[in-house]
There are 2 protein chains.
Amino acid sequence: METDAALRGLSALAQEGRLAVFRLLVKAGPDGMAAGDIARRTKTAANTMSAQLLVLANAGLVRARRDGRSIIYVADFGRMGALLEFLTKDCCGGRPEICAPMLACPAKKPRKARAA
Amino acid sequence: METDAALRGLSALAQEGRLAVFRLLVKAGPDGMAAGDIARRTKTAANTMSAQLLVLANAGLVRARRDGRSIIYVADFGRMGALLEFLTKDCCGGRPEICAPMLACPAKKPRKARAA
DNA sequence: TCTATATTTCAATAATCTATGAAATATGGA
DNA sequence: TCCATATTTCATAGATTATTGAAATATAGA
């Protein structure tokens, strides 16, 4: 990931409402959520939510698809992974002092994965 | 790490100049760098740099200490690690799809560490 | 003490971001 | 076609952030 894309990702997540939306979409998983449901769930006006989702989409952190009258938003895990990779490698030079706390990540031991 | 601290960390890094400064300080390591050296190296006015460093310091990502006439800034690796931990665990729920790309982090295999 | 260096603080401007009402677009169903 | 629902787009006002010149503070050394 290039610096410019990383900056857009960081900026997108660097706001309370958008961070909450992204976390919600991560929890929702691959099925995603309709824009209206997200707005209701976070008690946000529809047009405000639309703007927030647009920023996340422009950063590549979520993707949108239409389903009938609704537009479903889905977190882009690959992109988020790339952002984290940028932060650990490109930004932090892979220094163990920084990376160490992340070893608790389940991806480390995919064999024993339990239901989260 | 709490959401509020994570937001401050994300905001601090979500700007070209500050991200560059933080990367520079990570590379500089525990010895850190004087504010003036950072400003010269990044071709930034001293007062602008001072403001950027203040934002990073308020986010806890760098620490400052005086050394004679200079003020030395040092990246806080622990804090950056905590931010990454927040993003992987609290924010992303430790989903392997997101964490996977980070397995290349050297901390995973400290035994064979080579000079970077 | 006086001067030079290093950095910060202050005040003001410029730029960017966020939220909102109102209107527009797209879809599905009667 | 007409209407209701779902979402976005537009214009704008308010808030926040970034940069800069000028002044202030802190330190070191003559």
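Letters A, B, ... are given to chains in the order of the sequence lines, protein chains preceding strands, and every chain is numbered from 1.
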Handout entry: A/Thr88 to A/Glu85 - nearest heavy-atom pair and separation
Key = OG1-O, 3.0 Å
Handout entry: Close side-chain approach of B/Met80 to A/Arg95, heavy-atom, < 4.5 Å
Key = no
Fill in the blank from the handout: All heavy atoms of A/Tyr73 vs all of A/Ile38, minimum pair found to be CB-CD1, 4.2 Å
Would you tabulate the side-chain donor-acceptor contacts of residues 44-52 of chain A under 3.5 Å, counting partners in other chains and residues two or more places apart, or write 'none'?
unit_1	atom_1	unit_2	atom_2	d
A/Thr44	OG1	A/Thr42	O	3.1
A/Thr44	OG1	A/Thr42	OG1	2.9

Practice task
Work out which heavy atom in B/Cys92 is nearest to a heavy atom in A/Phe22; give both atom names and the distance.
Solution key: SG-CE2, 4.3 Å
Practice task
Select from B/Ala64 and A/Thr44 the residue whose nearest nucleotide in DNA chain C is closer to the 5' end of that strand.
Solution key: B/Ala64
Practice task
Check each residue of residues 46-58 of chain A for a non-hydrogen atom within less than 4.0 Å of any atom in DNA chain C, then write out the ones that pass by number, or none.
Solution key: A/Asn47, A/Thr48, A/Gln52
Exercise for the section: For A/Ala14 and B/Leu7, work out which heavy atoms get closest and say how close. Expected result: C-CD2, 3.8 Å
Practice task
Check whether any side-chain heavy atom of A/Arg79 lies under 4.5 Å from a side-chain heavy atom of A/Met1, and answer yes or no.
Solution key: yes
Problem - Side chain to side chain, B/Leu13 and B/Arg18, heavy atoms closer than 4.5 Å - result: no
Exercise for the section: To the nearest Å, give me how far apart CD1 (A/Ile72) and P (C/dT27) are. Expected result: 14 Å
What's touching nucleotides 14-16 of chain C from the protein side, N or O pairs under 3.5 Å?
none

Practice task
Give the other cluster members for B/Val74, using side-chain heavy-atom distances under 4.5 Å between Ile, Leu, Val, Met, Phe, Trp and Tyr residues; answer none if it is isolated.
Solution key: B/Ile72
Exercise for the section: Rounded to the nearest angstrom, tell me the gap between atom CE in B/Met33 and atom C1' in C/dA6. Expected result: 14 Å
Exercise for the section: Would you mind telling me which of B/Val62, B/Leu56, B/Leu54, B/Leu61 makes a side-chain contact (heavy atoms from CB on, under 4.5 Å) with B/Asn58? Expected result: B/Leu54
Any N/O pairs under 3.5 Å between the protein and nucleotides 15-17 of chain D? List them or say none.
none

Problem - Distance, rounded to the nearest Å, where A/Ile71 contributes CD1 and C/dT27 contributes C1' - result: 10 Å
Practice task
Report yes if the side chains of A/Val55 and A/Gln15 come closer than 4.5 Å at any heavy-atom pair, otherwise no.
Solution key: no
Exercise for the section: Using a heavy-atom cut-off of under 4.0 Å over every strand shown, decide if A/Ala39 touches base, sugar-phosphate, or nothing. Expected result: nothing
Practice task
Indicate whether OP1 or OP2 belonging to D/dA6 is found under 4.0 Å from a side-chain N or O atom of A/Tyr73.
Solution key: no
Completion exercise
Closest non-hydrogen contact found for B/Glu2 with B/Phe86 is C-CE1, 4.3 Å
Distances under 3.5 Å only, N/O to N/O: pair up the protein atoms with those of nucleotides 23-29 of chain D.
none

Practice task
Using modelled atom types only, decide if a donor and an acceptor are shared between the side chain of A/Arg23 and the backbone of B/Asp90 within a distance under 3.5 Å.
Solution key: yes
